[in-house]
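All values below come from the heavy atoms of this structure, side chains included, with hydrogens, waters and symmetry mates left out. Each residue takes its place number in the sequence, starting with 1.
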Amino acid sequence: MVTKQFKAESKRLLDIMINSIYTHREIFLRELISNASDAIDKIYYKALTDESLSFEKDNYYIKIVTDKENRALKISDTGIGMTKEELDDNLGVIAKSGSLNFKKENELKDGYDIIGQFGVGFYSAFLVSDTVTVISKAFGSDEAYKWESKGAEGYTIEPCEKDSIGTDIILKIKENTEDENFDEYLDEYKLKSIIKKYSDFIRYPIKMDITRKRLKEDSEKEYEDYTEEQIVNSMVPIWRKNKKELSKEDYENFYSEKHYGFDKPIKYIHTSVDGAVSYNAILFIPEKIPYDFYTKEYEKGLELYSSGVLIMNKCPDLLPDYFGFVKGIVDSEDLSLNISREILQHDRQLKLIAKNIKTKIKNELENILKNERDKYEEFYKSFGRQLKYGIYSDFGSNKDVLQNLLMFYSSKEKKMVTLDEYVSRMPEEQKYIYYAAGESNERIEKLPQTEIVLDKGYEILYFTDDIDEFAVRMIMKYKDKEFKSVSSGDLGIEIEENEKSSSSDDKDNKELFEYMKNILSDKVKDVRESKRLKNHPVCLSNEGELTIEMEKILNSMPNNQNVKADKVLEVNINHDVFRSLKEAYTKDKDKLDLYTNLLYSQALLIEGLSINDPVEFTSNICKLMI
Ligand code: ADP
Ligand code: MG
């Protein structure tokens, strides 16, 4: 018997491949099962085109048998088999794919289910075995042949006996090493779980003899082992089934079987798309936040299958970050895979699918918002923050997708409302969408700055999430209306100035304010008469882009840059306190100093800002008492 050399640069290639293409050893099983499935597909195809051959479904299957004693793992199929020449050609030439040829020769479209195309998968058998033996009898042939190889050394082919058409691949599993446990590839349960993971949706039954225990006959205590043939794979994936035949429970079971979450999804989307790109997908919108969702550890992504074979557990490119909470699977035959079939080429197809999916999710969320408001609000409690981050990130480029999905608590409705609802209720003369930012609705409700806006009968949106103000900055305008913080200097509200004070008063006040401004020189940009206060003596407003709330948030971050909003202390000249200020201004400057500092501290407290020197503040209060 002559040992033939692998052709071309096969020897080197084999080495490189075994050690570098595949990241997980266990995928050898996926590759061999995929080949077996291809071989059955081919005979099925032959039957379709050859009238003398009928395809009896039950006769076609893949069988996995372990033999621990001999460290052998056998993968058999009842597929088309290989002739001597084909063994030589397909297994003797690395990177030659008989399957790709088959597709070409038979002019099968891309969409056809045959998996093989690169001509390397077979050699992944050497990831776990020292010797690979292939015994095959081709369809239409009376002879069987045995191909055998110990790896880079080459291979032998010789005639042998085999009863039925098909192929047996026998792997001599490697001995355990210090770092690697190869025994597990002889373990039924491990094998079963690998099959479940990668090959669950191979269309033909994958059978395995599973060892079980039973009571010995006539015995109540003694057990004996027996084997039972089981079909390990589910064959038809739920996403290939007809939607009409599936119930809500089927989808929910799938959701929990896949460990997408412990909750029940609030919505599932099942789509089949045929067009520029074809795919099936099932997407779930969860109800509850996964515990690690808002951490770096959370990995977004969808499961990706190509022709029923798992390619990637979490393909991140299929989901934009802001929809990172969506779970589910995508199965497409149109993907260009790289040679290990573990990674995708970043290709047009994938981008198209991702774009479709994004639109699907957006539309579905809008539907829920429109038709199932309560459900949407539940969802929004969990993931609203993520949507707002989505608007904020990428310089607002996603605002068109997301802005209609936003909700904020409304001063008027006392519940969550959308921007659209807000704008459609705006009185004609109202120029802006008003918002107030703070820690909680309760705190915002008490902000003195809201008084004038509320008095006007205008609605205020409450911003209680850190990200809120930053997000609307990115939106800039919604339906042509700009956003305006109730604390901003210019509220764009006309004030009836019928209680206009005399000009001499005005001048006096100006001097007083100037004096106060000097007292607070390093703290505020200005001290001014307030046009918005009614019941409170003072409040802070801000000038410029950065609001006081933003200052708080930015300074609470780890990379705190100690930014400062330009603050203005506004004074209510109709308040009794103002009279005391005026009196102090003429009679007692020390007192004015004390009052000014106290009022400034009060304004800080109202804003939820901290007082620089609490000891000074309390001793100032004590001074009032003595
Ligand atoms: P690919 O599947 O990408 O074509 P492989 O290295 O996995 O590459 O297999 C090489 C070729 O060997 C296949 O294209 C096929 O022609 C042949 N082959 C492998 N396994 C079998 C099998 N079980 N039955 C029939 N042909 C097979
Ligand atoms: Mg293959």
Side-chain angles (χ1 to χ4, degrees), residues 28-64 74-125 132-147 157 162-170 195 198-199 201-207 231 233 235-236 240 305-309 331 333-334 337 341:
F28 79 93
L29 194 55
R30 176 191 78 178
E31 292 300 325
L32 298 181
I33 289 174
S34 295
N35 284 349
S37 166
D38 281 353
I40 302 177
D41 264 350
K42 288 174 198 165
I43 205 161
Y44 173 63
Y45 180 77
K46 279 261 180 297
L48 286 181
T49 47
D50 179 346
E51 292 202 344
S52 66
L53 187 68
S54 68
F55 189 84
E56 239 6 283
K57 215 168 167 288
D58 289 348
N59 297 337
Y60 296 94
Y61 57 87
I62 298 159
K63 173 120 195 214
I64 316 282
K74 184 163 86 178
I75 296 113
S76 309
D77 66 68
T78 57
I80 198 159
M82 280 176 276
T83 61
K84 187 177 178 212
E85 288 68 37
E86 283 167 335
L87 283 166
D88 206 18
D89 267 6
N90 297 334
L91 305 184
V93 185
I94 298 177
K96 170 150 182 194
S97 170
S99 293
L100 188 64
N101 280 358
F102 185 89
K103 266 195 266 191
K104 283 189 186 145
E105 275 162 23
N106 293 292
E107 292 175 0
L108 299 180
K109 288 193 310 310
D110 250 7
Y112 205 76
D113 262 350
I114 283 185
I115 301 159
Q117 56 173 325
F118 293 114
V120 295
F122 170 77
Y123 305 98
S124 65
V132 179
T133 311
V134 180
I135 295 172
S136 197
K137 187 174 192 179
F139 169 67
S141 164
D142 296 329
E143 299 154 4
Y145 287 91
K146 180 164 114 183
W147 179 103
I157 299 179
K162 186 175 189 315
D163 292 341
S164 52
I165 289 165
T167 304
D168 297 340
I169 313 255
I170 301 146
I195 296 170
Y198 295 103
S199 311
F201 307 117
I202 288 292
R203 292 181 297 164
Y204 306 103
I206 302 172
K207 298 179 182 177
I231 294 177
N233 59 331
M235 292 186 270
V236 184
R240 294 245 181 130
Y305 286 80
S306 169
S307 309
V309 181
D331 186 4
E333 286 151 24
D334 295 348
L337 304 176
R341 301 204 284 131

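For Y305, the ring-ring contact (aromatic ring centres under 6.0 Å, His included) partners two or more places apart in sequence, or in a different chain, are F201, W239. For K84, the side-chain contact (heavy atoms from CB on, under 4.5 Å) partners at least two apart in sequence or on another chain are Y145, I157. In terms of the ring-ring contact (aromatic ring centres under 6.0 Å, His included) criterion, Y204 has no residue partners (sequence neighbours excluded).
For Y44 (side chain) and K57 (main-chain N/O), no donor-acceptor pair under 3.5 Å exists by modelled atom type. Judged by distance alone, with hydrogens and angles left aside, the side-chain atoms of S37 form no donor-acceptor pair with the main-chain N or O of I33 at under 3.5 Å. Side chain of S199 to backbone of I202: no donor-acceptor contact under 3.5 angstrom is found. Judged by distance alone, the side chain of S76 and the main-chain N or O of D168 form no donor-acceptor pair under 3.5 Å.
Within a 6.0 Å sphere centred on CZ of F139, heavy atoms belonging to other residues, nucleotides or ligands number more than 12.
Taking the charged nitrogens against the carboxylate oxygens, E333 and R240 do have a contact shorter than 4.0 Å, which makes a salt bridge. Ion pair K137/D142 not flagged as a salt bridge, since none of the NZ, NE, NH1 or NH2 atoms sits closer than 4.0 Å to an Asp/Glu carboxylate oxygen.
Using a 4.5 Å cut-off on side-chain heavy atoms (C-beta onward), N35 and F122 make contact.
Between atom CD of residue E86 and atom OG of residue S141 there is a gap of 9.5 Å, rounded to the nearest 0.5 Å.
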So T167 and T78, side-chain contact (heavy atoms from CB on, under 4.5 Å) or not? Walk me through it. CA-CA 7 Å; T167 304; T78 57; over 6 Å; no
